[in-house]
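Ligands are counted one by one from 1 in listed order, and the atoms in each one are counted from 1 as well. Since the structure is predicted, the reported quantities are computational estimates derived from the model, not experimental observations.
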Amino acid sequence: MSILKVAIQKSGRLSEKSLSLIREAGINTSNGQRKLVSRSSNFPLEVLYLRDDDIPQYVTDKVADIGIVGENVVKEKRADVKIVKRLGFSKCRLSLAVPKSIDYHGVKFFNGKRIATSYPNILSDFLSSHNVDAEIHEISGSVEIAPGIGLAEGIFDIVSSGSTLISNGLKEVEVALNSEAVLIADPSLDNNKKEILDDLIFRINSVQAAGNNKYILLNAPNENLEKIISIIPGMKSPTVMPLAEEGWSSVHSVLSENQFWDVIDKLKELGAQGILVIPIEKMII
Ligand code: PRT
Ligand code: ZN
């Protein structure tokens, strides 16, 4: 029987979310603290725990079939892998930054300047697409200190909250890439492995859909029932049941997180009472 091998980060910013994604999909696995590889007891999945930078290469070399890694790493490695699903966590951007005292008027500023980065490939693509000719200084860590020590006039690095830039007297001036964790796959998986991958993606979609939705129950006065139903349409349509009290109905439906506060206000205006909102664990769509 086929087994799908997934590479995830051993320890770092992606580890916990990658593991919980697998576990929320109902797949048992160990946490990789002392192991390099672990095999799930209830799903044909083997988990390899690696450094994030190595994950695209392992997938290209077919040591792993799929992997969970930042899109920034996939792009930088120029790996021949397919992004099969965007996962929505570990969001960050790759940006150019300069000392905050610089009077910056556009990307041409970088012509003839030195830029320190751990992402030379993405930077070089960005610069050539903007016809900028700069000198790229590849360094492996603490990129943000480069301007302060006179190594470069600017940096190109990952930014999340922006506080690292601020505390080093820098300001973000150009965003080259918006990144998030992605599920990558070897583009030439055989059919058996593809089937397992489809099952895994189906499970991940169900978990993610559930996370974005809430189950809502409320009591509605019958005179406003139609209006109430129209603002909480549910997956197919809401369940409506008469209450023991004449003139009232109980309405059950599913509501997306984004609409939540907007809809709750409207429901109250329409006389809805006893509104209960319950998390959904999994949702099959
Ligand atoms: O040991 P290993 O090689 O596996 O891990 P790593 O140290 O190379 O990577 P890790 O765990 O730091 O990051 C893994 C992935 O998380 C990255 O490739 C990104 O896709 C994503 N990610 C999301 C981030 C950040 N947010 C982030 N803020 N990666 C790094 N940072 C660093 C950044 O380098 C900078 O120093 O945080 C600093 C900026 O953060 P702010 O919030 O101050 O702007
Ligand atoms: Zn790394």
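- Numbered from 1 in the order shown, with element, the atoms of ligand 1 that lie under 4.0 Å from a heavy atom of Gly162 read 41 (P), 42 (O), 44 (O).
- For ligand 1, the polar-atom distance check finds an N/O of Thr164 within less than 3.5 Å of one of the ligand's N/O atoms.
- In the displayed structure, Tyr58 atom OH is contacted under 6.0 Å by at most 12 heavy atoms of other residues, nucleotides or ligands.
- Distance from atom 18 (O) of ligand 1 to its nearest protein heavy atom, with residue and atom name: Asn72 ND2, 3.0 Å.
- Using modelled atom types, one finds a donor on one side chain and an acceptor on the other under 3.5 Å when comparing Ser249 with Asn222.
- Residues Glu180 and Gly88 share a closest heavy-atom pair of OE2-N, 2.7 Å.
- A side chain to side chain donor-acceptor pair (under 3.5 Å) with Gln57 is found for exactly one of Thr60, Asp61, Asp54, namely Asp61.
- There is no side-chain donor-acceptor pair under 3.5 Å between Lys77 and Asn121.
- Distance alone, capped at 3.5 Å, is enough to place a donor-acceptor pair between the Lys171 side chain and the Ile102 backbone.
- A cation-pi contact links Lys113 to Phe109, judged by a cut-off of 6.0 Å to the six-membered ring centre and 45° from its axis.
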Item to check | Criterion ring-ring contact (aromatic ring centres under 6.0 Å, His included) on Phe126 and His130, from CA distance to verdict | outcome: CA-CA 6 Å; Phe126 178 81; His130 288 82; 4.3 Å; yes
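- Within ligand 1, the atoms closer than 4.0 Å to a non-hydrogen atom of Gly12 are 11 (O), numbered from 1 in the order shown.
- Under 4.0 angstrom from ligand 1, the non-hydrogen atoms of Asp52 come from both its backbone and its side chain.
- Close approach of ligand 1 to Ser161 (heavy-atom distance below 4.0 Å) involves ligand atoms 41 (P), 42 (O), 43 (O), 44 (O).
- Leu197 CG to Phe202 CZ: the interatomic distance, rounded to the nearest 0.5 Å, is 14.0 Å.
- Using a distance-only test at 3.5 Å, with no hydrogens or angles considered, no donor-acceptor pair links the side chain of Thr117 to the main chain of Glu138.
- Closer than 2.8 Å to the Zn ion (ligand 2) sit the protein N, O or S atoms Asp52 OD1, Asp53 OD1.
- Of all atoms in ligand 1, numbered sequentially from 1 with element shown, those under 4.0 Å from a heavy atom of Gly70 are 20 (O).
- For atom 30 (C) of ligand 1, the nearest non-hydrogen atom of the protein is Arg13 NH1, 3.3 Å.
- Protein heavy atom at the shortest distance from atom 26 (N) of ligand 1 is Cys92 CB, 3.6 Å.
- No more than 12 heavy atoms of other residues, nucleotides or ligands sit less than 6.0 Å from atom NZ of Lys91.
- Only side-chain heavy atoms of Val73 come within less than 4.0 Å of ligand 1; its backbone N, CA, C and O stay farther off.
- A donor atom on one side chain and an acceptor atom on the other are found under 3.5 Å apart for Tyr49 and Ser38.
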Item to check | Stepwise side-chain contact (heavy atoms from CB on, under 4.5 Å) check, Leu151 with Arg114 | outcome: CA-CA 8 Å; Leu151 185 69; Arg114 293 165 303 167; 5.7 Å; no
Next on the checklist: Apply salt bridge (Lys or Arg N to Asp or Glu O under 4.0 Å) to residues Asp125 and Arg78 and explain how you reach the verdict.
Outcome noted: CA-CA 11 Å; Asp125 289 349; Arg78 293 179 170 157; 2.8 Å; yes
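- For atom 12 (O) of ligand 1, a protein non-hydrogen atom is found at a distance below 4.0 Å.
- In terms of N/O distances under 3.5 Å, ligand 1 is approached by Arg51.
- Set against the non-hydrogen atoms of Ser90, the atoms of ligand 1 under 4.0 Å away are 23 (C).
- Counting heavy atoms closer than 4.0 Å to ligand 1, residue Gln9 contributes side-chain atoms (C-beta onward) but none from N, CA, C or O.
- Interface atoms of ligand 1 facing Ile158, defined by a heavy-atom separation under 4.0 Å, are 19 (C), 24 (C), 25 (C), 27 (C), 29 (N), 30 (C), 31 (N), 33 (C), 34 (O), 35 (C), 39 (C).
- For atom 28 (N) of ligand 1, the closest heavy atom belonging to the protein is Ser160 CB, 3.3 Å.
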